[in-house]
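Remarks on the structure that follows.
In what follows, chains carry the letters A, B, and so on, assigned in the order in which the sequence lines appear, proteins first and then strands, with residues in each chain numbered from 1. Owing to the predicted nature of the structure, the values given are computational and were not obtained by experimental measurement.
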Number of protein chains: 2
Amino acid sequence: MRPTVHDIAAEAGVSLATVDRVLNNRPGVRSVTRDKVERAIATLGYVRDVAAANLAKSRSYPLIFILPEGENAFMRGLEAEIEAAIARSAVERTEITILSVPAFDAAALAAALDDARRRTPAGVAVVAVEAPEVVAAVGRLREDGIAVVTLVSDLTGSERDHFAGVDNIAAGRTAGSLMRRFLGGRDGPVAIVAGSMLVRDHRDRLEGFSTAVNEGAAKRHLLPVVEGHDDPTEVETLVRDLLAAHADLAGIYSLGAGNRGLIAALEEAGRQSEICAIAHELTPYSRAALVSGTIDALLNQDAGHEVRSAIRVLKARADGLSMIEAQERIRIDIFLKDNLPVEPA
Amino acid sequence: MRPTVHDIAAEAGVSLATVDRVLNNRPGVRSVTRDKVERAIATLGYVRDVAAANLAKSRSYPLIFILPEGENAFMRGLEAEIEAAIARSAVERTEITILSVPAFDAAALAAALDDARRRTPAGVAVVAVEAPEVVAAVGRLREDGIAVVTLVSDLTGSERDHFAGVDNIAAGRTAGSLMRRFLGGRDGPVAIVAGSMLVRDHRDRLEGFSTAVNEGAAKRHLLPVVEGHDDPTEVETLVRDLLAAHADLAGIYSLGAGNRGLIAALEEAGRQSEICAIAHELTPYSRAALVSGTIDALLNQDAGHEVRSAIRVLKARADGLSMIEAQERIRIDIFLKDNLPVEPA
DNA sequence: GAATTTTTGATGTACGTAAATCAAAAATGC
DNA sequence: GCATTTTTGATTTACGTACATCAAAAATTC
């Protein structure tokens with residue numbers, strides 16, 4: 001039988017009230033007595049029953065998620081996962097609010113973070129845009145003792161408690177390595193389409209890709225990066241131009257969103273089979289393109305895992321508890337058409 | 001504020017005792033009354049507070065894990081993850097016991113399952129070996145109302161509640177597809193080393209690999225499958241023989257364990273760079289081989305996720321609750337040297 | 001050593017549910 | 001319409017912790 005506060009009281013030879021004072025470090029306990037109690041805790045191996053404690057406290061966790069607006073399929077998928085978490089909130093004692101902000105807009109994001117702060121939540125999860133005012137806003141949250149987790153895109157130099165997302169340098173490296181091996185000895189340049197160099201994850205992916213694609217002997221020519229702002233229409237135009245300008249194009253790496261545009265342009269040109277396309281994020285569109293062969297490989301981060309992980313970490317941080325490190329590491333999924341998970345994805 | 005049993009009683013115009021009778025379906029309630037209560041539950045959107053319920057019941061979950069003995073690095077890693085779960089058992093209200101059985105021994109496994117049954121646990125997780133007596137033993141557990149989850153290797157035709165493992169056909173397909181693309185136009189046969197055709201996961205991987213490696217135009221010659229029984233020494237001998245017999249060997253797919261033997265044989269022959277090697281499971285040995293280039297790609301299943309998933313499912317089943325399907329899908333990780341997680345693995 | 005402050009004990013209530021008992025009320029059989 | 005059975009209500013205790021209050025004891029100050 002697992003020891004309780006009563007057992008500690010008996011073991012230490014003090015009253016329940018004193019044990020309580022030590023456990024919840026309330027004032028009014030001599031250090032001698034405190035030591036006695038702490039020794040009893042150690043010898044009995046007492047662990048606080050979190051469920052019972054939360055019940056007694058009728059604890060709940062008000063959390064705020066901040067994400068970009070727009071028709072970015074990955075972000076909408078993320079939002080759906082947050083909605084799913086909201087549906088579970090009764091069981092998980094969470095009260096989740098979603099705030100939407102314009103994409104790639106540092107000022108708006110900073111304002112949203114300050115808005116969140118005014119609501120005094122237990123924690124905030126945010127898809128970051130890298131800018132000094134955002135770093136400052138995160139700092140203010142942390143000063144108020146509010147836990148902060150960056151989601152999907154990290155924030156350099158900030159005081160965030162944790163980053164719930166993938167190692168994007170490694171993701172880029174993986175894409176580069178696959179591109180290199182899939183192309184084999186084939187000639188021709190490789191194009192890179194990004195969303196915006198303002199977000200950390202895109203910069204990181206680019207860095208990783210550039211180094212890995214040119215590892216080893218043969219050097220591959222990389223065309224200058226173009227930015228599509230995660231917008232399908234814009235991306236389609238960009239890719240169409242790239243295809244027109246480079247008849248010998250060997251590969252395309254799309255490291256942001258807006259893959260519908262990429263797919264449309266490739267299929268319109270009828271050059272799906274000759275061009276090796278590697279993209280990010282599994283969506284209904286990209287999934288279909290992977291099955292049909294327009295896209296050769298997809299790198300993916302599981303939005304559901306990221307959301308659930310962010311919630312776990314925020315709750316743990318709010319209680320000052322530690323987390324299972326390995327459980328919170330978000331992995332980079334590599335999808336070929338052979339290992340696609342069952343629909344819908 | 002979330003509704004409680006008291007709110008249901010008030011809403012339905014019955015007493016607390018009656019609500020309790022309905023919720024825990026105890027006898028002695030007229031169906032008219034039962035309906036009234038159920039309607040109140042529905043309109044209020046009541047969800048039982050599992051933490052409070054478990055507290056009141058002082059519930060705990062005695063679970064038994066059954067795994068093969070031997071120096072199979074993956075299985076030892078799995079065991080380590082179970083030990084980690086045992087360390088968390090105070091918090092998670094579990095009481096986990098590990099039973100070890102000889103590998104690939106159906107009779108011993110069936111005996112262990114019956115042993116487990118005698119201990120009347122809430123659930124059993126088992127690394128299955130496919131055999132009628134094992135299926136029967138699992139059936140007996142289920143008859144006693146004990147939840148059963150197969151771990152890593154599934155059991156065809158059994159009554160198990162859930163399989164906590166990867167889709168091994170898809171894993172094999174993925175390996176085959178990578179082999180095909182990595183080899184490109186290169187000639188030469190491909191060898192396949194399995195552990196034993198007695199376990200479902202190995203058979204499935206073989207099936208997937210065989211179809212995918214030969215997709216498309218060029219046909220690749222596959223050498224007959226050899227069985228190394230997941231034993232490093234045995235595997236080393238087998239691979240050494242293969243290398244000697246086939247000077248033009250283009251690739252090796254190792255779909256079981258014992259990769260230390262594979263690595264040793266390849267490095268001894270000095271043919272690491274010319275042979276494309278794809279193997280399963282990230283261990284310290286295989287990790288080093290991936291970094292050095294002896295192995296080209298590793299497919300992996302995260303043992304920690306499998307163990308935690310198995311525990312979640314067993315607990316949920318024991319309580320008759322449902323699970324988050326997506327959360328319990330174990331993914332096939334593809335590791336290149338570019339996307340290796342940080343040490344230790 | 002008396003007055004004061006600090007520390008400790010004793011006790012009760014609460015959180016939301018489970019489970020039991022006994023009495024009261026309602027439904028049923030004949 | 002009486003006896004019997006079934007259903008319902010009222011109430012209590014318990015799970016392990018949090019938190020508050022008031023009294024008692026011990027330590028401190030001067």
Side-chain angles (χ1 to χ4, degrees), chain A residues 1-41 44-61 89-95 318-321, chain B residues 1-41 44-61 89-95 318-321:
Chain A
M1 217 41 187
R2 183 174 163 185
T4 74
V5 281
H6 296 84
D7 300 322
I8 302 178
E11 172 80 18
V14 299
S15 75
L16 254 184
T18 302
V19 174
D20 178 69
R21 288 181 186 113
V22 173
L23 278 176
N24 299 294
N25 46 283
R26 291 184 236 281
V29 184
R30 271 189 306 167
S31 55
V32 215
T33 321
R34 169 155 278 140
D35 282 358
K36 259 199 298 185
V37 174
E38 267 157 6
R39 241 173 299 118
I41 292 176
L44 291 180
Y46 169 83
V47 192
R48 181 196 251 105
D49 185 324
V50 189
N54 283 346
L55 179 59
K57 280 187 289 200
S58 44
R59 182 95 162 88
S60 88
Y61 301 85
S89 57
V91 186
E92 300 180 349
R93 295 179 177 278
T94 53
E95 295 161 26
D319 288 338
L321 300 175
Chain B
M1 219 37 187
R2 179 173 166 188
T4 73
V5 282
H6 296 85
D7 301 322
I8 302 178
E11 171 80 17
V14 300
S15 76
L16 253 184
T18 303
V19 174
D20 179 68
R21 289 181 185 112
V22 173
L23 278 176
N24 299 292
N25 46 284
R26 289 183 236 282
V29 185
R30 271 189 307 166
S31 55
V32 215
T33 322
R34 170 156 277 140
D35 282 357
K36 258 199 299 185
V37 174
E38 267 157 6
R39 242 173 300 120
I41 292 176
L44 291 180
Y46 169 84
V47 193
R48 181 197 250 105
D49 185 324
V50 189
N54 283 346
L55 179 61
K57 281 187 288 201
S58 44
R59 182 99 164 86
S60 87
Y61 301 85
S89 57
V91 187
E92 300 181 350
R93 296 179 176 278
T94 53
E95 295 161 27
D319 288 338
L321 300 175

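Considering every non-hydrogen atom in both B:H6 and B:L16, the closest pair reads NE2-CD1, 3.5 Å. Residues B:E95 and B:S60 come closest through the heavy atom pair OE2-OG, 2.7 Å.
Along DNA chain D, the nucleotide nearest A:R30 and the nucleotide nearest A:R21 are compared for position; the residue whose nucleotide lies closer to the 5' end is A:R21. Judged by closest nucleotide on DNA chain C, A:V14 is the one of A:S58 and A:V14 placed further toward the 5' end. Each of A:A17 and B:A53 lies near DNA chain C, and the nucleotide nearest A:A17 is the one positioned closer to the 5' end.
Between the NE2 atom of B:H6 and the P atom of C:dC15 there is a distance of 9 Å, given to the nearest Å. A:D35 has its CG atom 14 Å from the P atom of C:dT7, to the nearest Å. Rounded to an integer number of Å, the gap from NZ of B:K57 to C1' of C:dC15 is 17 Å. Residue A:I41 contributes atom CD1, which lies 13 Å from atom C1' of D:dT17 at whole-angstrom precision. Rounded to whole Å, the distance from CG on A:L55 to P on C:dA14 is 14 Å. Atom-to-atom, CG of A:D20 to C1' of D:dT21 comes out at 13 Å; the value is rounded to the nearest Å. Look at CG on A:L23: it is 7 Å from P on D:dA18, rounded to the nearest Å. When the P atom of C:dT7 is taken as reference, atom CG of A:L16 falls 20 Å away, rounded to whole Å.
At the heavy-atom level, B:N24 lies under 4.0 Å from the strands shown only through sugar-phosphate atoms. Across all strands shown, A:D49 has heavy atoms under 4.0 Å from sugar-phosphate atoms exclusively, and none from any base.
Inter-residue side-chain proximity for B:N54 and B:Y61 is flagged as met; some heavy-atom pair is nearer than 4.5 Å. Side chains of B:R30 and B:T18 form no contact here, defined as non-hydrogen atoms less than 4.5 Å apart.
Candidate nucleotides D:dA27, D:dT17, C:dT17 were compared by shortest atom distance to the side chain of A:R48, and D:dT17 ranks first. The side chain of B:R26 lies closest to C:dA18 when the candidates are C:dA18, C:dA14, C:dT17. Closest to the side chain of A:V5, out of C:dT17, D:dC19, D:dT17, is D:dT17.
The phosphate of C:dG9 (OP1 or OP2) has a side-chain N or O of A:T18 nearer than 4.0 angstrom. The phosphate of C:dG9 (OP1 or OP2) has a side-chain N or O of A:S15 nearer than 4.0 angstrom.
Under 4.0 Å is where a charged nitrogen must lie from a carboxylate oxygen, and between A:R2 and A:D7 no such pair does.
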